[in-house]
Amino acid sequence: MAFHAVILTLYPDMFPGPLAYALSGRALQKGIWSFEARYLRDFTRDRHCSVDDRPAGGGPGMVMRADILARAIDAGPLNCPRFLMSPRGDSFNQSLAREISVLKEVLFICGRFEGVDERIIKARNLIEVSIGDYIVSGGEISVFVILDSVVRLLPGVMGNVLSSSDESFETGLLEYPQYTRPRCFENQAIPEILISGNHREVKKWRKEQSESVTQARRSDLWSLYKRKNYDKH
Ligand code: SAH
């Protein structure tokens, strides 16, 4: 079953952009996923095709109009989650990526200017999603981030299925350090254990490394992990 994304944007030509390359690009060619980038100005009714207007109450910038967004949303699909790219939303993370990756269709709305008229959020049940605590100038980049991480989870996209279940965040831990040839690089050797051929020891080493790097760098993830694994210790 293929995954389809509808993207409402003022810049449809930006898509598929970076998603046309590598893993996501091959998956697109194979039909594992597809998209429609829908041009918001096609839903305007005035001569100037304007999608925005001045903020009520004054202040800088422009706000995207609810009526135009509503028409673009109502063009369908109607029975799928609708995500509004927004710095005020819940933070996008790996578990939301997993949730989205099992859906058939999803709609993404890319904000521009100062954002969108608040009323569209309630009127069309939009789920606000943020890609982090910083501001980018438009929702398109946020959609690239989200789609990239979703597409790599679709069945048939990652060659090595195991490699995704071992990654940072999937286990609740950050990833262990990785090495490849040459065996010695500028006086730094690959840790002996990794070339020992002892798979059990390698696995144990990696787990310890994951735990210590998570503990050192991400106390938030570490306390969650400890709580979840309390019974096992
Ligand atoms: N005035 C807004 C920022 C608008 S940026 C504020 O202060 O919150 C313009 C658009 O870029 C937003 O409507 C949103 O769609 C997108 N955007 C900006 N930062 C984002 C983020 N961290 N996550 C998701 N989308 C973001």
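For ligands, and for the atoms within them, numbers begin at 1 and follow the listed sequence. Below, all heavy atoms of this structure are taken into account, side chains as well, without hydrogens, waters or symmetry copies.
- Considering each of E114, E128, R88, the one bringing a non-hydrogen atom nearest atom 1 (N) of ligand 1 is E114.
- In terms of protein heavy-atom proximity, atom 8 (O) of ligand 1 is closest to P87 CG, 3.5 Å.
- Not a single heavy atom of F92 sits under 4.0 Å from any atom of ligand 1.
- Counting heavy atoms from C-beta outward, V151 and L23 have side chains that stay 4.5 Å or more apart.
- With contacts defined as side-chain heavy-atom distances shorter than 4.5 Å, the pair R200/K204 does not qualify.
- Per-residue contacts place G111 under 4.0 angstrom from the following atoms of ligand 1 (heavy atoms of the residue considered): 10 (C), 11 (O), 13 (O), 15 (O).
- Side-chain N or O atoms of S210 include one that pairs as donor or acceptor with a backbone N or O of L174 at under 3.5 Å.
- Contacts between V116 and ligand 1 below 4.0 angstrom, taking non-hydrogen atoms only, are absent altogether.
- For the pair I146/V106, no side-chain contact is recorded, criterion being any heavy-atom separation below 4.5 Å from C-beta on.
- Within a 6.0 Å sphere centred on CD1 of I141, other residues, nucleotides and ligands contribute 12 heavy atoms or fewer.
- Here S130 has heavy atoms under 4.0 Å from ligand 1 in both its backbone and its side chain.
- For atom 15 (O) of ligand 1, the closest non-hydrogen atom of the protein is M85 O, 2.6 Å.
- Within a 6.0 Å sphere centred on CG of D46, other residues, nucleotides and ligands contribute more than 12 heavy atoms.
- Inter-residue side-chain proximity for W222 and R217 is flagged as unmet; no heavy-atom pair is nearer than 4.5 Å.
- In terms of protein heavy atoms, atom 26 (C) of ligand 1 is closest to S142 OG, 3.7 Å.
- If you number the atoms of ligand 1 from 1 as listed, the ones under 4.0 Å from a heavy atom of G139 come out as 11 (O), 15 (O), 16 (C).
- In this structure, the side chains of C110 and L10 stay at 4.5 Å or more apart for every pair of heavy atoms.
- In terms of N/O distances under 3.5 Å, ligand 1 is not approached by V129.
- Numbered from 1 in the order shown, with element, the atoms of ligand 1 that lie under 4.0 Å from a heavy atom of G115 read 13 (O).
- Between E36 and H4, the closest side-chain pair of non-hydrogen atoms falls below 4.5 Å.
- The number of heavy-atom neighbours closer than 6.0 Å to CG of N93, taken from other residues, nucleotides and ligands shown, is above 12.
- Residue contact check: G138 has heavy atoms under 4.0 Å from atoms 10 (C), 11 (O), 16 (C) of ligand 1.
- Of the options I135, I131, V145, V136, the smallest heavy-atom separation from atom 6 (C) of ligand 1 is shown by I135.
- For atom 22 (N) of ligand 1, the nearest protein heavy atom (residue, atom name, distance) is Y134 O, 2.8 Å.
- For atom 9 (C) of ligand 1, the closest heavy atom belonging to the protein is F113 O, 3.3 Å.
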